[in-house]
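Bear in mind that the values here come from a model prediction, so they are computed numbers and not experimental data.
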Amino acid sequence: MDVNEAQWRKSSRSSDKGDACIEVAGMTAGVAVRDSKDRDGGTVQLERGSFGQLLDYIRGIEMS
């Protein structure tokens, strides 16, 4: 699947103030992530397991 045809959704943690906004899209081979303010700026594509590890890491930072 092409990332341009993906169903993107904005992170529930993103604010309406224009800062720290990301979008994610489920892909056949994993998860794609992009900056919602710069949609043409490229994407990061991760395998599902790696994306899960990234989320665990981020959640750990938030709790400290």
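- Summarising the geometry of Lys37 relative to Cys21, their closest heavy-atom pair is NZ-N, 3.9 Å, with the distance given to 0.1 Å.
- When all heavy atoms are compared, the tightest approach of Val3 to Trp8 is O-NE1, 2.9 Å.
- Counting all heavy atoms, side chain and backbone alike, Phe51 lies closest to Val24 at CZ-CG1, 4.1 Å.
- Checking each of Arg9, Arg34, Lys10 against Glu23 for a side chain to side chain donor-acceptor pair (under 3.5 Å) leaves exactly one that passes, namely Arg34.
- The salt bridge (Lys or Arg N to Asp or Glu O under 4.0 Å) check on Arg48 picks up nothing, with sequence neighbours excluded.
- Heavy atoms from other residues, nucleotides or ligands lying under 6.0 Å from CG of Asp56 number more than 12.
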